[in-house]
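Remarks on the structure that follows.
Every chain is numbered from 1, with letters handed out A, B, ... down the list of sequences.
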Protein chains: 2
Amino acid sequence: MSEQPRILPSIRKAPAGRQPAVAPYEPLCAIFRRYLHKEKLKFTPERALILEAVLRKTGLFQAESLTEDLRRAGHRASRATVYRTLSHLQDAGILKQVFFDNKQSYFEVVAGRQANDYLICLSTGKVIEFSSQKLRQLRDEICREHGFDPVSHQLHIYGISPEGRAAEKG
Amino acid sequence: MSEQPRILPSIRKAPAGRQPAVAPYEPLCAIFRRYLHKEKLKFTPERALILEAVLRKTGLFQAESLTEDLRRAGHRASRATVYRTLSHLQDAGILKQVFFDNKQSYFEVVAGRQANDYLICLSTGKVIEFSSQKLRQLRDEICREHGFDPVSHQLHIYGISPEGRAAEKG
DNA sequence: CTGATTGCAAACACTTTGCAGCAGA
DNA sequence: TCTGCTGCAAAGTGTTTGCAATCAG
């Protein structure tokens, strides 16, 4: 029995990996506004700014870093509003929240994407996002066996990347 | 684009599902003692009690519920010691920590088990643990493509269980 | 107009940590 | 004896919430 891997602190600090393209603002803003309208919520300047900032993010990001982005761009942005908006963006199907540890959570744009899955290097903390058709098929198969209707999934694979292996030998 | 599923509060409260058999104390205690000795740590009565309590758990559990178990059994057990011991049990490869949300974490005995994967009902909050050989093969394949050495993985599938479907129709 | 929204700061809740006394090996 | 361990309470930290003023529709 081997020692159970633990997520390294480095992951909490700065998850990095292949950087997917930035998502386009217009169509997602339309989705957001439709959602807000349906829920009798309002489209405020703050929400627009936050959505813009979210869409400028590539890959995983943290609430705090989003707030920093906004401040750097000269916009006021209270943590509270950022969190509240991130929550709405999830409900609108634009974002999803990912949990790698119990300290904080990460967010990621999902609208129009398929990547739900991560390769996480236990040595360097690097996170690579990927998507697998085979995995989705297997997921559906497993769901059928249990009578589940699949909605979504999330796979985290922990391992050692080539760089991590090199670093450990070095 | 469908609305992004969010983990229901019920999951945070009382994850339940198929109950795997309780793990045997003796062999795992031996593993723990070996680990402690190797790390120049001590095998204390508190650690023994906590390991026992852990092994009486079936499926996922929370640190707090473990502390309650201990108190109910008439043992003093400070949160601090429980957390510290849970951490050692992870390092010893006996436990693993699972993150479903950012509020708290769950623990699960993994020594000698293969089940790393969960089917989570978004309607009822029920969690079913399962293990799939095909998934492990697919994982290894994906790792090969990225030059990773796989260490472990975790798959969370969100969906609607038969019971949930019935409840939603009712 | 009227109810939703915002920023602020206080509140939360799980977890970690500092410390002084205690106890395995 | 010599470290490591324990319980306690305080600190830590990402996130949430109450509230009064403000604003979108």
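The phosphate of dT15(D) (OP1 or OP2) has a side-chain N or O of S105(A) nearer than 4.0 angstrom. Remark: T44(A) is not in phosphate contact with dC23(D), judged by side-chain N or O atoms under 4.0 Å from OP1 or OP2. When the side-chain nitrogen and oxygen atoms of R47(B) are compared with OP1 and OP2 of dC5(D), one or more of them lie within a distance under 4.0 Å. Y83(A) has no side-chain polar atom (N or O) that falls below the 4.0 Å cut-off from OP1 or OP2 of dT16(D). Listed pair T81(A) / dG7(C) meets the phosphate criterion, a side-chain N or O lying under 4.0 Å from OP1 or OP2. Remark: N102(A) is in phosphate contact with dT15(C), judged by side-chain N or O atoms under 4.0 Å from OP1 or OP2.
As a whole-Å value, the separation of L70(B) CG from dT6(D) P is 12 Å. In this entry the distance linking CD of Q62(A) with P of dG14(D) reads 9 Å, nearest Å. Whole-Å rounding puts the E39(B) CD to dC5(D) P distance at 11 Å. One interatomic measurement links the two molecules: CZ of F99(B) to P of dA13(C), which rounds to 20 Å at whole-angstrom precision. Separating the CZ atom of F43(A) from the P atom of dT6(C) is a distance of 11 Å, rounded to the nearest angstrom. Rounded to whole Å, the distance from NZ on K103(B) to C1' on dT16(D) is 6 Å. Taking atom CG on D101(B) and atom P on dT16(D), their separation rounds to 10 Å, with Å as the unit. Between K42(B) atom NZ and dG24(C) atom C1' the separation is 5 Å, expressed in whole Å.
Nearest-nucleotide mapping onto DNA chain D: of R84(A) and E46(B), the residue sitting toward the 5' end is E46(B). Summary of the strand contacts: T85(A) and R79(B) both lie near DNA chain C, and taking for each the nucleotide with the nearest heavy atom, the more 5' one is attributed to T85(A). Nearest-nucleotide positions on DNA chain C for A80(A) and R33(B) put A80(A) closer to the 5' end.
Counted by atom type alone, Q97(A) and S105(A) present one or more donor-acceptor pairs between their side chains at under 3.5 Å.
For R71(A), the CZ atom counts as densely surrounded, since its 6.0 Å shell holds more than 12 non-hydrogen atoms of other residues, nucleotides or ligands. Shown here is H146(A), whose NE2 atom has more than 12 heavy atoms of other residues, nucleotides or ligands within 6.0 Å.
Although no hydrogens or angles enter the test, the distance criterion places no donor-acceptor pair under 3.5 Å between the side chain of D69(A) and the main chain of R72(A).
Ring planes of Y118(A) and H156(A): perpendicular class, angle over 60° (limits at 30 and 60°).
With dC8(D), dT15(D), dG7(C) as the candidates, the nucleotide lying closest to the side chain of Q104(A) is dT15(D).
For residues 145-161 of chain B, the pairs satisfying salt bridge (charged side-chain N to carboxylate O under 4.0 Å, His left out) are R165(A)-D149(B), with sequence neighbours left out.
With the end axes of the helix from dC1(C)-dG25(D) to dA25(C)-dT1(D) each set by five pairs, the angle from one to the other reads 40° at 10° resolution.
Partners of E68(A) by salt bridge (charged side-chain N to carboxylate O under 4.0 Å, His left out), not counting sequence neighbours: none found.
Electrostatic pairing of E108(B) and K57(B) does not count as a salt bridge here, judged by no charged N lying under 4.0 Å from a carboxylate O.
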